[in-house]
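Values below: every heavy atom of this structure, side chains too, minus hydrogens, waters and symmetry copies. Note that the structure is predicted; figures quoted are calculated from it, not measured.
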Amino acid sequence: QVQVVESGGGLVQAGGSLRLSCAVSHTFGIYYMGWFRQAPGKEREFVATIDWNDDTTFYADSVKGRLTISKDNAKNLVYLQMNVLKPEDAAVYYCATKQTYGPRGPYDYWGQGTQVTVSS
């Protein structure tokens, strides 16, 4: 089982920036790492994903150009750089691993989430 731990959430004003981090216990069997978020009263939604073996990325349209996913394979870390934050970005952000090939399909191991609050 992969242990997943997110960190870096906090309170930021609209237009500000945060960087979230995701640490995984080991990367054997991981094909993709993804970021998801869930706002109060809403379903969990996809934010971004990155192929663990290269730099291929996919983003939700709502975050393109503002949020950037990246990784450090040597350190077992995935990042989400969040710039020009909007109130609608406020949510609990989750990091997850995908243990099957391809960017689509369910993710397998999830972190506990980190809260991002955006004030106006």
Side-chain angles (χ1 to χ4, degrees):
Q1 182 174 331
V2 181
Q3 309 300 315
V4 183
V5 180
E6 306 97 332
S7 62
L11 174 64
V12 63
Q13 286 191 306
S17 298
L18 284 173
R19 188 176 74 164
L20 307 183
S21 297
C22 173
V24 297
S25 59
H26 58 275
T27 59
F28 179 79
I30 293 176
Y31 290 90
Y32 282 83
M33 294 292 302
W35 285 99
F36 299 77
R37 66 189 183 187
Q38 187 168 20
K42 294 186 177 181
E43 296 291 325
R44 184 171 60 202
E45 65 176 344
F46 168 78
V47 174
T49 190
I50 187 166
D51 188 319
W52 188 248
N53 299 300
D54 59 32
D55 291 326
T56 301
T57 58
F58 298 94
Y59 293 92
D61 288 342
S62 61
V63 306
K64 288 180 180 177
R66 300 187 301 112
L67 275 59
T68 302
I69 189 170
S70 62
K71 60 184 176 68
D72 187 334
N73 295 67
K75 297 181 179 179
N76 289 6
L77 289 172
V78 178
Y79 305 101
L80 185 67
Q81 179 66 48
M82 310 171 69
N83 297 328
V84 197
L85 283 163
K86 302 176 180 180
E88 52 262 44
D89 294 318
V92 176
Y93 282 72
Y94 297 92
C95 180
T97 78
K98 189 173 186 292
Q99 308 295 113
T100 54
Y101 182 78
R104 296 182 177 180
Y107 284 68
D108 299 289
Y109 298 102
W110 295 77
Q112 80 289 346
T114 186
Q115 176 71 54
V116 173
T117 303
V118 183
S119 62
S120 60

Rounded distance [0.5 Å steps], [atom1] in [X] versus [atom2] in [Y]:
X: Leu67; Y: Ser62; atom1: CG; atom2: OG; result: 8.0 Å
X: Ile69; Y: Thr57; atom1: CD1; atom2: OG1; result: 8.0 Å
X: Asn53; Y: Tyr31; atom1: CG; atom2: OH; result: 8.0 Å
X: Gln38; Y: Glu43; atom1: CD; atom2: CD; result: 6.5 Å
X: Ile30; Y: Ile50; atom1: CD1; atom2: CD1; result: 12.5 Å

Indicate every side-chain donor-acceptor pair of residues 8-28 with a distance under 3.5 Å to a residue at least two apart or in another chain.
{"residue": "Ser17", "atom": "OG", "partner": "Asn83", "partner atom": "OD1", "Å": "2.9"}
{"residue": "Ser25", "atom": "OG", "partner": "Gln3", "partner atom": "N", "Å": "2.9"}

Self-check item: Closest contact, heavy atoms only, Val92 versus Gln115
Solution: CG2-OE1, 3.2 Å
Quiz item: Looking at Ala39 and Ala91, what are the two nearest heavy atoms and their distance?
Solution: N-CB, 3.8 Å
Exercise. Indicate the ring-plane relationship of Phe58 and Tyr32, choosing parallel, tilted or perpendicular according to the 30° and 60° boundaries.
Key: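 Ring orientation, 0 to 90° scale: tilted.
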Exercise. May I ask whether Tyr93 and Tyr59 are part of the same hydrophobic cluster, defined by side-chain heavy atoms of I, L, V, M, F, W, Y residues being less than 4.5 angstrom apart, directly or through others?
Key: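 Yes; tracing contacts between hydrophobic side chains, which count when under 4.5 Å, links both residues.
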Self-check item: Shared hydrophobic cluster for Trp35 and Tyr94 (ILVMFWY, side-chain gaps under 4.5 Å)
Solution: no
Exercise. Inspect the contact between Lys64 and Asp61 and indicate whether a charged nitrogen and a carboxylate oxygen are less than 4.0 angstrom apart.
Key: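 Yes, Asp61 and Lys64 are salt-bridged.
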Exercise. Using atom types as modelled and distance alone, determine if a side-chain donor or acceptor of Asn73 lies under 3.5 Å from a backbone N or O of Trp52.
Key: yes
Quiz item: Who passes side chain to side chain contact (heavy atoms under 4.5 Å, CB included) against Ser70, sequence neighbours left out?
Solution: Tyr79
Quiz item: Taking only residues two or more places apart in sequence or in another chain, which ones pass ring-ring contact (aromatic ring centres under 6.0 Å, His included) with Phe36?
Solution: Phe46, Tyr107, Trp110
Self-check item: side-chain contact (heavy atoms from CB on, under 4.5 Å) between Glu6 and Leu80, worked out
Solution: CA-CA 10 Å; Glu6 306 97 332; Leu80 185 67; over 6 Å; no
Exercise. Using a 4.5 Å cut-off on heavy atoms from C-beta on, say whether the side chain of Thr49 contacts that of Lys98.
Key: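 Side chain of Lys98 against side chain of Thr49, heavy atoms only: no contact under 4.5 Å found.
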Quiz prompt | Asp108 vs Val2 side-chain heavy atoms within contact, under 4.5 Å | solution = no
Exercise. Verify side-chain contact (heavy atoms from CB on, under 4.5 Å) between Gln99 and Tyr109, making sure each step is shown before the conclusion.
Key: CA-CA 8 Å; Gln99 308 295 113; Tyr109 298 102; 3.7 Å; yes
